[in-house]
Amino acid sequence: METITSSRQAIALENQYGAHNYHPLPVVLSRGEGVFLWDVEGKRYYDFLSAYSAVNQGHCNPRIQNALIEQAGKLTLTSRAFYNDVLGPFEKYITEYFGFDKVLPMNTGAEGVETAIKIARKWGYERKGVAENEAKIIVAENNFHGRTTTIISFSNDANARKNFGPYTGGFVKIPYNNVAALKSALEDPQVVAFLVEPIQGEAGVYTPADDYIRQVQEACAAKNVLFIADEIQTGIARTGSLLAVCGNCTCEGHCERQETYTKPDILILGKAISGGFYPVSAVLADKEVMDVIKPGQHGSTFGGNPLGTQVAMTALEVVRDEKLAQNARRLGKIFRERMQKMVDKYSIAKLVRGKGLLNAVVINDSEDSSTAWDICMKLAENGLLAKPTHGNIIRFAPPLVMTEEQLHECCDIIEKVISEFN
Ligand SMILES: *Cc1c(COP(=O)(O)O)cnc(C)c1O
């Protein structure tokens, strides 16, 4: 194996031997700890992407690391042809943690979404009585749910779709954050589910109206349609509560504070459920829904393996013990206050929006301009890593273990760079 001694060398190797399916910032990282990343040359950065919110618990979180190492020395994979002694405890732990009867473990987020789609369709045929092959699932415009052929079939990102057809049918697209459009789509008796992100992360951190999710839940319930929440990016304390559907509740773990909690019929989790150590995703639902899946009808070789489930249990413990939701909520407010002051002062920054520590600053330039990219390059030079999404939007999502002092230092960096572009 070739040893990497410079960023340039690593980038050259990726360019020569790797599929060109990403366009990364030219930074080559070799170490991470908490809120920090270091590149091959030893330069330190604040991480403001957190691997798309997968490392909420901070890079190389020592507790999760220990759980991984210990389990890796005992048993890693059995397949589901046999039982293992970690899956059961994980299933009990995660269902109690989030308040559902049952869980179906998978690996990547996209697999979690695929699983939810399959469960919803089967439920539609076997419980709701929809005629075979006629089930429809409502989705929102500008959604991001992953990269499989079925999932990109209902994306409206041209780049994600073009020349990957023929597409999977059975999906109906409506505008996001529009209850009237949802109610009208729900009039169709063949609709079995509405799949939605409580905040659209990839689209540019679009936060809907405060009561949107509550109204979604009520409208779906009224029509016997499953409300599927994709919380792969928003879940696990990122938005200042355990889940974005928890509304303004800040308790760590599941509770029944009905005034804020809007329970989905199907909850999809991924990313931070394993703190960035190992791909784990999970689909949670109550018995009436989950029980439509019978042996042989769905699965995955790695889904529910002892290594992943042990890591996930520990990663969820860390979120609770370190009160990450509260920290995200408190720091998120400070971040948006400081960014708002910056937006008021410099016209190059148009607006700031978000919830908890999932935020975005919109740059005052066209979507096809390179300004946001250039700003991110300058931020990197100044020791802070963030990435533009959709051309002119910069997402800011640090690990949730950040301190207030560190956050202020980061706001200083962002403000300095923005002032230079103004
Ligand atoms: C990242 C993401 C996915 C896909 O997860 P992968 O692990 O990349 O397959 C799905 N939905 C949302 C909301 C996401 O942010």
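Atoms within a ligand are numbered from 1 in the order they appear, just like the ligands themselves. The structure displayed is predicted, hence computed values, not measured ones.
- Residue-level proximity to ligand 1 for Phe144 is carried by backbone and side chain together, each with a heavy atom below 4.0 angstrom.
- With ring centers used as reference points, Tyr46 lies under 6.0 Å from Phe36.
- A cation-pi contact, defined as under 6.0 Å to the ring centre and within 45° of the axis, is absent between Lys263 and Phe227.
- In summary, Lys102 and Glu91 do not engage in a salt bridge, as defined by a charged side-chain N under 4.0 Å from a carboxylate O.
- Lys271 counts as a contact of ligand 1, since one of its heavy atoms falls under 4.0 Å from the ligand.
- Using a 4.0 Å cut-off between charged side-chain N and carboxylate O, Arg63 and Glu317 make a salt bridge.
- A salt bridge links Arg330 to Glu404: at least one charged side-chain nitrogen sits closer than 4.0 Å to a carboxylate oxygen.
- Considering backbone and side-chain atoms alike, Glu197 places every N or O at 3.5 Å or more from each N or O of ligand 1.
- In this structure, atom 9 (O) of ligand 1 has a protein heavy-atom contact shorter than 4.0 Å.
- The aromatic rings of Phe396 and Phe48 sit perpendicular to each other, their planes meeting at more than 60°, with 30° as the lower class boundary.
- At least one N/O-N/O distance between Gly109 and ligand 1 falls below 3.5 Å.
- Under the 4.0 Å criterion applied to side-chain N and carboxylate O atoms, Lys378 and Glu381 are assigned as salt-bridge partners.
- Remark: ligand 1 and Glu202 share no N or O pair separated by less than 3.5 Å (distance only, no angle test).
- Of the N or O atoms in Ala110, one or more lie within a sub-3.5 Å distance of an N or O in ligand 1.
- Near Asp230, with a cut-off below 4.0 Å to any heavy atom, the atoms of ligand 1 are 10 (C), 11 (N), 12 (C), 13 (C).
- Of all the atoms in ligand 1, the ones that sit under 4.0 Å from a non-hydrogen atom of Gln233 are 15 (O).
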